[in-house]
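Predicted model, so just to flag it, every value in this text is computed and none were measured.
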Amino acid sequence: MTTHLLATHRTQGTVPKALRIGIVGAGTSGIYLASLLKRQGHDVTLFEQSDQPKAEGCGIMLVSAGMQALFAGNPKACDALMRAGAPAKSFEFRSMKDKVVNVHIASYEDNNELTGMLIHRGAILDVLLDYLPQDCLRTNAKLQSVEQTDEHVTAHLGDGSTWQGDVLVGADGIFSTVRDYVNAGVKPNYLGDIVWRGIVPDNEFCVDGNFKVYIRTQGIYANFFDIGFGQTHWGFFIEKDQEPDEVGKGRPNDVSMPTQELLKLPDVARRVIESTPPEDIKCRFSYDIDTLPTLRKGRVILIGDAAHAKSPTRARGMTAGLEDALALSSHLSVGGSVEQMLSAFEAERLPIVHEYQRSSREISMKTGRLRKKAA
């Protein structure tokens, strides 16, 4: 029996003791965890520093393991996601001369797996929010600092207020404030790429669950995939050093896309990108983090990108966060001391996320700019 199916059985019982749990960050991991814990009977507060939860980025491939993590905790939400995007059916790898190098046809049914989905991040967020009781969401609540005793943990917020409870979860992303409390000094590791992303209307180039990859060469890389409803997501990556004042920032000082680099793409692919209104294009640096020695400190625990942000090469970012949420809700339902439950979660998840991080970075080093810099 898999870990996820075990988690499903654990979460169906009565909660031995209702805990007061705070979650920092209303992204997909935090929202999913909050909904699971709330359903178990815990007193949950979800803190979001913005005025509302927002979907960072554009499209995403949510692989079969991510769908399984969602199905194990909320089958109805999983079913809603199946209707909100495009099932991934085929993967094409092409050269910059637009020659097909390899084609892979997805075979989820043959392997008895849930279908991986190509979907807008906003659609995932909307589905998860449908199952989040609004009374547990607190917006405009930026975490400033954390302190704890043997009996409780306290979060100090930017408006001068405090929250006190039994467990505090850091689901606040790659630039996590909570992570700095658990593992001080861990900084995002620049992977060497600036990436631009967008979504455009398309009924010809990428359709019927197609995912196209233009293999990295001449310092660029690109992907395009159908997200359903006549829309295509694209991502365009350029290798570039950061300026000294850009180190640690989310986006470059100049977010304009270099024309000379875009011209390296085949005409048909370039035209898809050029059809995107400039105001709809998102630009970010590409980061991961080094593996953490621990995911917890006392009553404080990390999940999602705060715990294990990784290169996108294996498409395990959001999936790992959903798996974390399912596993943590499961462990917090079995009873015992907070230390025992959080330690059990860490023991289960740490080797899994370390392998995700290691293998994702390894692929980046073999295929991308990290390899060139290390040479």
Side-chain angles (χ1 to χ4, degrees), residues 24-25 27-30 56-58 60-61 63 66 121 143 170-197 216 219-223 235-255 261 282-297 300-324 346 349-375:
V24 181
T28 53
S29 302
E56 288 293 327
C58 298
I60 190 173
M61 179 176 177
V63 297
R121 287 175 180 267
L143 180 72
D172 48 340
I174 191 168
F175 298 103
S176 170
T177 301
V178 183
R179 183 178 65 239
D180 203 44
Y181 173 79
V182 176
N183 292 277
V186 176
K187 302 299 182 184
N189 170 64
Y190 181 46
L191 293 171
D193 290 315
I194 302 174
V195 56
W196 288 264
R197 294 184 175 94
R216 185 187 295 267
I220 68 169
Y221 155 78
N223 60 38
F236 184 58
F237 299 72
I238 292 178
E239 299 173 358
K240 189 177 185 300
D241 287 331
Q242 290 181 310
E243 299 297 331
D245 64 341
E246 293 176 330
V247 175
K249 290 185 178 180
R251 56 179 57 86
N253 296 329
D254 182 4
V255 298
E261 302 296 338
K282 312 296 182 184
C283 180
R284 304 286 291 180
F285 286 122
S286 184
Y287 290 108
D288 69 2
I289 62 171
D290 293 334
T291 55
L292 302 180
T294 180
L295 301 180
R296 62 176 290 266
K297 182 177 181 180
V300 182
I301 192 83
L302 300 172
I303 69 170
D305 281 352
H308 44 71
K310 59 193 70 65
S311 161
T313 52
R314 285 195 60 198
R316 288 300 188 276
M318 185 180 294
T319 286
L322 295 174
E323 290 176 339
D324 286 346
E346 181 182 58
R349 292 300 296 167
L350 198 62
I352 295 172
V353 298
H354 277 184
E355 193 280 328
Y356 283 165
Q357 290 177 280
R358 179 201 60 76
S359 57
S360 296
R361 186 180 284 186
E362 184 178 272
I363 295 172
S364 290
M365 293 183 71
K366 286 181 178 178
T367 62
R369 193 160 187 265
L370 288 180
R371 173 183 58 80
K372 298 174 185 176
K373 293 181 72 174

Please identify which of these residues, I303, I301, V300, meets the side-chain contact (heavy atoms from CB on, under 4.5 Å) condition with V178. V300
Are N253 and D245 close enough that a side-chain donor and a side-chain acceptor fall under 3.5 Å? yes
Could you walk me through whether F285 and I194 pass the side chain to side chain contact (heavy atoms under 4.5 Å, CB included) check? CA-CA 5 Å; F285 286 122; I194 302 174; 3.7 Å; yes
Separation of [Y] [atom2] from [X] [atom1] (nearest 0.5 Å):
X	Y	atom1	atom2	answer
T294	L350	OG1	CG	7.0 Å
Y190	K240	OH	NZ	7.5 Å
I363	K310	CD1	NZ	12.5 Å
D180	F175	CG	CZ	13.0 Å
N189	D288	CG	CG	4.5 Å
H354	R349	NE2	CZ	11.5 Å

Under the side-chain hydrogen bond (donor to acceptor under 3.5 Å, both in side chains) test, residues paired with S359 that sit two or more places apart: R314, E355
Run the side-chain hydrogen bond (donor to acceptor under 3.5 Å, both in side chains) test against N223 and tell me which residues pass, sequence neighbours left out. Y221
[X] side chain to [Y] main-chain N or O, any donor-acceptor pair under 3.5 Å?
X	Y	value
W196	I238	no
S360	T313	no
Y287	K249	yes

Sole residue of R361, K187, H308 in side-chain hydrogen bond (donor to acceptor under 3.5 Å, both in side chains) with D290: R361
Might you point out which heavy atoms bring [X] and [Y] nearest each other, and give the distance in Å?
X	Y	value
P312	L191	CD-CD1, 4.4 Å
G170	A306	O-CB, 3.7 Å
D241	E246	O-OE1, 4.5 Å

Please lay out, stage by stage, how V182 and L295 fare under the test side chain to side chain contact (heavy atoms under 4.5 Å, CB included). CA-CA 7 Å; V182 176; L295 301 180; over 6 Å; no
Salt bridge check, D193 against R216: does any charged N sit closer than 4.0 Å to a carboxylate O? yes
Can D172 and R179 be counted as an ion pair, charged N to O under 4.0 angstrom? no
For the pair L292 and L302, evaluate side chain to side chain contact (heavy atoms under 4.5 Å, CB included) and give the outcome as yes or no after the intermediate values. CA-CA 10 Å; L292 302 180; L302 300 172; 3.8 Å; yes
